[in-house]
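Before any comments, here is the structure.
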Amino acid sequence: MPRFASPILWPLPLAFAALLSVMLWVSLPLWQVFNLDPDYYYLLNGLRLVEGLPPTDISHPGTPAQVIVAAILRLMHPGDTAAAIVDQVLRDPERHLLWASVAFYPLVGLALVGLGSAVLAATGSRTAALLAQSAPFLSMLIPKFGLHAKPEPLIIVAAAALAALGFVAVRTERPGDRMAGLFGLIMGFGIACKLQFAALGLVPLFLLPARQLFVVYPLAAIAAFFLFVSPALPSYEIFLDFWGRVLTHAGPYGSGQAGFVDPGKLPRAVFKLFASKLIFTGTLLAMLVLLVGYFRLRRRGLLPRNRMARLAAGLVLAQVATVLMIAKQPAAHYLIPALMLTGPTLAAAWSLSSPLMTPAAHHRLWLIVSAVLVSATIPAVWRQTRELATWTAEAQSVDMARFGACAKVFFDSSSSAGYALHRGDMNAQGRYSPRLAEFMPADEYFWYTNDHTYWSRGLMQWTKAHTLPELLTRHGCAVLRGSQTWTMRPELAKVMPNLTFDDSCRVGEEDIFTIGVRCDGSRVR
């Protein structure tokens, strides 16, 4: 039976797909504050592609994810015109975004099966194959971000494919142009999803001959990158503007003083990234110890040559390089490409440790390692799922309809279907706001209290700018809801410096402030 069809390869990928589905279900709707960025950006940029227009949210650049979203929208409405699809998506965005999200899960599952198959073929061990496939369970960041219609599911796919090809290369004494081209193809795809995937380019460093490594591999990666971002090339000026600021300013996302990085903050950021991911860091350290031991024994002629050590060295370098690359703006989910290599690193460690001990001792060691991983993972899965469910319950605990005809002002960032659509449309260059203004609620407004990539701060309703005094005159009362109170208060002080709220209440990670009405919906007399 082909190794790809081995029954042992399927349970973990199916379990991961099931986990994603459960976590998605408990975190609905997707317009909630902890979901909307960037889900709705990808929905509306996918809609631009349906119309034959280039996406304009290309800072990742994330183009492959947008293309898949566009394909799902098309498949949901076969035979319909682009204008008809636009109308249906704008009137029912949640259903379309839900289907677009679920469409990524089979790709993730197949990539994990392929990874397991490659490890099984390289090592002959089911244990090693399962260790490699365990990667997405070893950090809850992976399922938490992998359940959405955005680049992370494709990062999982690309990282699994890259590692799988690494295990194939281990079995090949002298990889040729074809294998180097495949490495480049995967790298180009991964970088087109998110630029930090570039650090994983170190994985084949010790596996490919010089010509393939320095000529075929980089040329294939460059060609593949431009192929996968080609739908977004007409918007390249947006990409260059954003990354020009990122590369010339020391703060995150192009903020702060001039310079590439703040050297005073970098060591602390690197330490925090490693310290926050114990399984990831523990696996790296264990592999470093194992590699040092392997090379010392090799020099003394006590161990035969093992190409698995070359792959292991590339995996370690790629993971460390990822941490260093993202330390400038150390959002933990940027670690996902490196976190996906934890499982393959464990599989390589299984192989390298085998000659160092008796079969019985080796079996006991990895039985203990597996037991520790399982005992750590099951409670983490439960906690993460419960956390998402709790966030949903908290966000839905206040129905904004209780405030009647008061102006509902959603500031950065807020749980509101309208806010999610409008903020998503700001990343689509405001293409759909005029259409949305025709049928969305007339008492909802959106106050951007900081500058974003494609628009400036301000209070607006779809296409029109407003002021808070104007809204109070029109509606007689107002309710402000959002999570970034530290950005809202300075903006509020500019327009109504002496304003005192009549009431305030907490809704999960969001705050509600009221004027002329109380949190229970009763009017202030």
Side-chain angles (χ1 to χ4, degrees), residues 59-60 62 131-132 134-146 150-152 154-163 166 186-187 190-191 193-206 221 243 246-247 249-256 259-292 309-349 373 376 380:
S59 55
H60 291 320
L131 286 168
S134 72
F137 294 96
L138 301 181
S139 170
M140 285 302 100
L141 281 175
I142 297 176
K144 181 180 177 180
F145 286 87
K150 56 184 182 180
E152 276 68 23
L154 298 184
I155 291 292
I156 297 172
V157 170
L162 188 72
I186 296 169
M187 283 304 305
I191 297 170
C193 293
K194 272 200 169 178
L195 291 183
Q196 65 263 33
F197 193 87
L200 270 61
L202 293 170
V203 168
L205 180 62
F206 305 109
W243 279 98
V246 168
L247 296 174
H249 291 77
Y253 310 110
S255 64
F260 177 68
V261 69
D262 184 343
K265 295 181 179 179
L266 189 64
R268 179 180 295 181
V270 170
F271 176 79
K272 288 180 68 175
L273 286 168
F274 278 119
S276 65
K277 299 290 171 284
L278 296 181
I279 294 177
F280 168 73
T281 304
T283 301
L284 266 181
L285 292 175
M287 178 54 84
L288 283 172
V289 170
L290 194 55
L291 283 172
V292 169
R310 292 173 169 267
L311 173 60
L315 291 170
V316 168
L317 285 176
Q319 291 170 87
V320 173
T322 302
V323 173
L324 296 176
M325 176 182 286
I326 70 168
K328 176 178 178 176
Q329 39 202 53
H333 67 281
Y334 291 162
L335 269 177
I336 287 177
L339 294 173
M340 273 300 300
L341 297 184
T342 305
T345 302
L346 285 169
L373 294 176

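Just the heavy atoms: all of them, side chains too, but no hydrogens, waters or symmetry mates, feed the values below.
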Side chains of Phe274 and Leu284: closer than 4.5 Å at any heavy-atom pair? yes
With the side chain counted from C-beta on, respond yes when Phe280 and Val323 share a heavy-atom pair under 4.5 Å apart, and no when they do not. yes
Please tabulate, for the side chains in residues 336-347, all donor-acceptor contacts under 3.5 angstrom to protein atoms that are two or more places apart in sequence or on a different chain.
from: Thr342; atom 1: OG1; to: Leu339; atom 2: O; distance (Å): 3.0
from: Thr345; atom 1: OG1; to: Gln319; atom 2: NE2; distance (Å): 3.0
from: Thr345; atom 1: OG1; to: Leu341; atom 2: O; distance (Å): 2.7

NE2 (His60) and CZ (Phe197) are apart, to the nearest 0.5 Å, by 15.0 Å
Determine the minimum heavy-atom distance between Ala321 and Leu202, stating which atoms define it. CB-CD1, 3.7 Å
Which heavy atom in Ala348 sits nearest to a heavy atom in Leu315, and how many Å separate them? CB-CD1, 4.5 Å
Heavy atoms of Ala312 and Leu291 approach each other most closely as CB-CD2, 4.0 Å
Atom of Leu200, atom of Ala318 and distance for their closest heavy-atom approach: CA-CB, 3.9 Å
Over all heavy atoms of both residues, which pair between Phe206 and Arg310 is shortest? Give the atoms and the distance, please. O-NH1, 2.8 Å
How many angstroms lie between atom CD1 of Ile142 and atom CD1 of Ile156, to the nearest 0.5 angstrom? 6.0 Å
Distance from Met325 atom CE to Leu195 atom CG, nearest 0.5 Å? 8.5 Å
From Gln196 CD over to His333 NE2, what is the distance, rounded to the nearest 0.5 angstrom? 7.5 Å
Taken to the nearest 0.5 Å, the spacing of Leu335 CG from Phe145 CZ works out to 11.0 Å
Of the non-hydrogen atoms in Pro151 and Lys194, which two are nearest, and what is the gap between them? CB-CG, 3.9 Å
From Leu317 CG over to Leu324 CG, what is the distance, rounded to the nearest 0.5 angstrom? 10.5 Å
Could you tell me whether a side-chain N or O of Ser276 sits under 3.5 Å from a main-chain N or O of Leu273, the two making a donor and an acceptor? yes
Any Thr281 side-chain heavy atom under 4.5 Å of Leu285 side chain: yes
What I want to find out is whether Lys144 reaches Glu152 closely enough, with some N-O distance under 4.0 Å, to be called a salt bridge. no
